[in-house]
There are 2 protein chains.
Amino acid sequence: MSVDHNPFDRHFDSLESIADTISEVVQCPVTIEDASHKLLAYSSHDPETDPARIATIIGRRVPENVISALWKEGIIQQIMTSHEPIRISQISEVGLGDRIAIAIRNNQDVLGYIYILDNNQRTNETSLQLLQQAAQAARTKLVQLQTQNRKQEQHHHDFFWHLLTHKNPSEPETKERASQLGISLPPRYQVIVLEFETDINEKLNQQIQYTIRTVQQIRIALHVIHNNRLIMMCAPGVGKHAELQYKDECSKFITQLKLRFGAVPVRRGGGLFYEQYVFVEKSYQEALVVIQMGNTYPEALSGIYDYNELGYYRYLPTLVVDRERKPIINESLHRLRQYDEEHNSDLSYTLEIFLNQDSNVKKAAEVLHVHTNTLMYRLKRVMEIGDIDLNNMDQKVTMYLELKLNKWK
Amino acid sequence: MSVDHNPFDRHFDSLESIADTISEVVQCPVTIEDASHKLLAYSSHDPETDPARIATIIGRRVPENVISALWKEGIIQQIMTSHEPIRISQISEVGLGDRIAIAIRNNQDVLGYIYILDNNQRTNETSLQLLQQAAQAARTKLVQLQTQNRKQEQHHHDFFWHLLTHKNPSEPETKERASQLGISLPPRYQVIVLEFETDINEKLNQQIQYTIRTVQQIRIALHVIHNNRLIMMCAPGVGKHAELQYKDECSKFITQLKLRFGAVPVRRGGGLFYEQYVFVEKSYQEALVVIQMGNTYPEALSGIYDYNELGYYRYLPTLVVDRERKPIINESLHRLRQYDEEHNSDLSYTLEIFLNQDSNVKKAAEVLHVHTNTLMYRLKRVMEIGDIDLNNMDQKVTMYLELKLNKWK
DNA sequence: CCTGTCTTTGTGTAAAACTACAAAGATAGG
DNA sequence: CCTATCTTTGTAGTTTTACACAAAGACAGG
């Protein structure tokens, strides 16, 4: 086979024929994947293969542990940035033999990958050169695919956005529209919103798309990006395994975003789970409440991501509205604030910390960096000046809620 | 003067002329009062009088301490029930000399009183007999007065009821209407509602009217009776003295109702103070909230009568509405209740008492009549079964509010 | 009936909270 | 500047809590 002749400088009917051609050239099994490691084509007639390849073909997607391993070794990063084929040493823990991989690119964008299973190291420099030609050939096919996907994606986006913003969509109509679009809706879902520091740009968008597509334990049925938010309809995958691990998987999703791309969502919120699609908007609003509350009470709600974990915080938006309609000054707090102002002291803050620390003198004193007796003295003053009985749950809850509500902008 | 001749068997121009005639007959100073001890007429040309009579004439009303003393001695009770004149021994503490009194009646109703100052015990049986005739003569005058008052009262009722039930009455129109009706509205008022066990019947009504009219430190500008409720527009009287004592006086008002007539309001509620009359309805609604909350949380809110003392309880109605619109089961409480059901234990009740007692193990154990270690053990179980951290204020407040809201019917 | 778990009550101990009191620094107002 | 008050920190003694462990009663399921 001469270098002058380029076997990929012709028309191909399909990606399969490209895969077969590569396989013929390099005499190795070949798989072609899209940007999110979904299997697009693979060479047939391959004598030897490895467990990773079998799993990929059977699941029509590269298994998650294989992807994770490749990321961990820094291989995906290499492939994505390099224009040359990359040699991959075997990773036997995930059943992956020696490989060679090259990205299929369109300008800067990575559209997919060509993997070659090279167990016996048969490939030489010449065939590696040819791989670049093969990637070129695959490119046009993938561009076509991508345009199709883009269109479909746009439809998905529109459909999801409609669900998110309309209070009472018809249940049967929604289901019909979903099946028209080829979306299989999960029987039980929740809406999750991730909020990023800044508006989501093209690069971050692609990283997110990649992460969404490669996540496997959670099922992200629909998603939309809006300004600095990623909004997703999520459901646990099939099997009890996935059901139990769901929460962990959601966190893992975010960890992956961070580890692989350094993209960290600032805030995270999840609505309740529902089974009817009339409630998508509800779950969305709930997720937004979690985000809002998280922004308002960052320390108190750190580690709380779901609406059903909000506890009494879920009532606060309602109470704020109620209070605005009917403003009543809390005499006790007012007096404390006044005293603080006049004597530039910190009685109200002291009270706040004390209550935050569950009325535990020692802990509160530590947080405030003062002697316990100092705290004791201050609390006595709080009781005197504010006319508050700090041994009375009702009065403490009143003050606690008051302090919480006062944090509202 | 012969017994056969009745000096009261003729027409009298006014109550004053009756008073003068009595005075001539018995040779003693005379005062005529209405049913609520407001001065209606008094004899002139009286040589001797006592401090109580002077104060009555100057204030155009029997001083409160005098009325109280007469009640305490059981004298008013006697006068009200007897058809005969009653002799009253002097009560020097309140400047009251020896007297003779008789009720002016129309059938069962007491319309007013005739008092005779009898310091030198000059009156004999004959003149006492004549007193009954005098009461008869005064009766017709008082009946006329009463009819007039009834009409005026009806107007007052209508006016007040309108304020209570209309959200945005015009401020200038309200003031004009008040001055038309001869009502002087207080500059600052609150609405107080007293709720009785049963609907207010004629007898209780009269007792209430009597008490309202005789109260002197609080100014009850308007009042209405509706089913089992007495609704009043109250204001402190003039002077700083009255301002400070206002709260005590309100309680005293109720004590008087109880002591004098055995009529005890079951529930009491006061709205906020306002200065504009647009807010009468608001203050009324607030008073009703206090009553409602008092009925829902009798122990917790015993001793709380005003809306501004409700603390966080004032939010509960809003929260109940919010919760109904969006029912979320509190997993922790649900699990506790379930456990209680299955093992017929009292974990949720234990938690409730523990929180009510401000997380004080000793007090809670006492309330529950168990050993502190028993309570400790139960709380540990509560934490395990409900997955609650009882050292976390947020979680405790969540549970506390949840338990409170669950008390709602 | 037995058996194992749940529950109550008891004992003991270390840690923490509450109380009273004292000393000294900080601060405001005359 | 002095003085009175407010504030912080310290010491000491009592009460309460938290925790570990043990014994015994209650109860359910085989």
Side-chain angles (χ1 to χ4, degrees), chain A residues 331-397 399-400 403, chain B residues 331-397 399-400 403:
Chain A
E331 268 303 318
S332 300
L333 190 53
H334 184 248
R335 276 198 295 270
L336 286 182
R337 289 255 161 82
Q338 201 165 315
Y339 188 90
D340 281 346
E341 191 123 329
E342 287 168 4
H343 299 71
N344 62 307
S345 52
D346 285 311
L347 291 188
S348 57
Y349 179 65
T350 304
L351 173 61
E352 188 181 336
I353 298 299
F354 177 68
L355 293 178
N356 280 344
Q357 299 301 323
D358 190 46
S359 309
N360 185 307
V361 179
K362 205 185 172 211
K363 282 186 202 163
E366 274 165 21
V367 173
L368 292 166
H369 305 295
V370 293
H371 195 275
T372 47
N373 283 2
T374 305
L375 179 54
M376 285 295 228
Y377 170 74
R378 286 196 197 163
L379 291 174
K380 209 179 284 172
R381 298 289 290 153
V382 165
M383 296 205 269
E384 286 164 15
I385 293 164
D387 191 26
I388 309 165
D389 180 3
L390 287 178
N391 299 312
N392 178 312
M393 183 65 169
D394 279 339
Q395 296 196 31
K396 290 206 298 199
V397 170
M399 295 307 293
Y400 193 61
L403 287 164
Chain B
E331 268 303 320
S332 301
L333 190 53
H334 184 248
R335 275 198 295 267
L336 287 182
R337 289 255 160 81
Q338 200 166 315
Y339 188 90
D340 282 346
E341 191 123 329
E342 285 168 4
H343 298 73
N344 63 306
S345 51
D346 284 311
L347 291 188
S348 57
Y349 180 66
T350 303
L351 174 60
E352 188 180 339
I353 298 298
F354 176 69
L355 293 178
N356 281 344
Q357 299 301 320
D358 189 45
S359 309
N360 184 308
V361 178
K362 207 185 170 212
K363 283 186 198 162
E366 274 165 21
V367 174
L368 291 166
H369 306 294
V370 293
H371 195 274
T372 48
N373 282 2
T374 305
L375 179 54
M376 287 295 243
Y377 171 75
R378 285 197 197 164
L379 290 173
K380 208 178 286 171
R381 303 269 18 220
V382 166
M383 296 205 270
E384 287 166 14
I385 292 163
D387 190 25
I388 308 166
D389 180 3
L390 287 178
N391 299 312
N392 178 313
M393 184 66 170
D394 279 337
Q395 295 197 31
K396 290 206 298 200
V397 170
M399 294 309 292
Y400 193 61
L403 287 164

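Remember, predicted model here, so these are calculated numbers, not experimental data. Keep in mind that the numbers below use all heavy atoms, side chains included, and drop hydrogens, waters and symmetry copies. Naming convention: chains lettered A, B, ... in sequence-line order (proteins, then strands); numbering from 1 in each chain.
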For this session: Identify the two heavy atoms, one from A/Met399 and one from A/Ile388, that lie closest to each other, and give their separation to 0.1 Å.
Result: CE-CD1, 3.8 Å
Exercise. Is there a donor-acceptor pair under 3.5 Å between the side chain of A/Gln395 and the backbone N or O of A/Asp389?
Worked result: yes
Exercise. Taking 4.0 angstrom as the limit, do B/Lys380 and B/Glu384 come out as a salt bridge?
Worked result: no
Exercise. Can you check the B/His371 NE2 to C/dT7 C1' distance for me, whole Å?
Worked result: 14 Å
Exercise. Expressed in angstrom and rounded to an integer, what is the separation of B/Asn344 atom CG from C/dT7 atom C1'?
Worked result: 12 Å
Problem set entry | N/O donor-acceptor pair under 3.5 Å between B/Asp358 side chain and B/Asn360 backbone | no
Exercise. Of all heavy-atom pairs between A/Lys396 and A/Ser359, which one has the smallest distance, and what is that distance?
Worked result: NZ-OG, 2.8 Å
Exercise. Does a side-chain N or O from A/Tyr377 land closer than 4.0 Å to OP1 or OP2 of C/dA20, or not?
Worked result: no
Seminar exercise, completed: First and last nt of DNA chain D near chain B, cut-off under 4.0 Å to heavy atoms, 5' to 3', are D/dT16 to D/dA20
Exercise. In terms of side-chain geometry, is the basic nitrogen of B/Glu341 or B/Arg337 positioned less than 4.0 Å from the acidic oxygen of its partner?
Worked result: no
Exercise. Shortest non-hydrogen contact from A/Ile353 to A/Ala364?
Worked result: CG2-O, 4.1 Å
For this session: Measure the spacing between CG of B/Asp394 and OH of A/Tyr400 and express it to the nearest 0.5 Å.
Result: 3.5 Å
For this session: Rounded to 10°, tell me the angle between the two end axes of the helix from C/dC1-D/dG30 to C/dG30-D/dC1, each built from five pairs.
Result: 40°
Protein-nucleotides 15-19 of chain C N/O pairs closer than 3.5 Å?
from, atom 1, to, atom 2, distance (Å)
C/dA16, OP1, A/Lys362, NZ, 2.8
C/dA16, OP2, A/Lys362, NZ, 3.4
C/dA17, OP1, A/Asn360, OD1, 2.9
C/dA17, OP1, A/Val361, N, 3.2
C/dA17, OP1, A/Lys362, N, 3.1
C/dA17, OP2, A/Lys362, N, 3.4

Exercise. Say you draw a straight line from CG of B/Leu347 to OH of B/Tyr339; how long is it, rounded to the nearest 0.5 Å?
Worked result: 6.5 Å
Problem set entry | Shortest non-hydrogen separation from B/Leu375 to B/Ala365 and the atoms involved | CD2-N, 3.5 Å
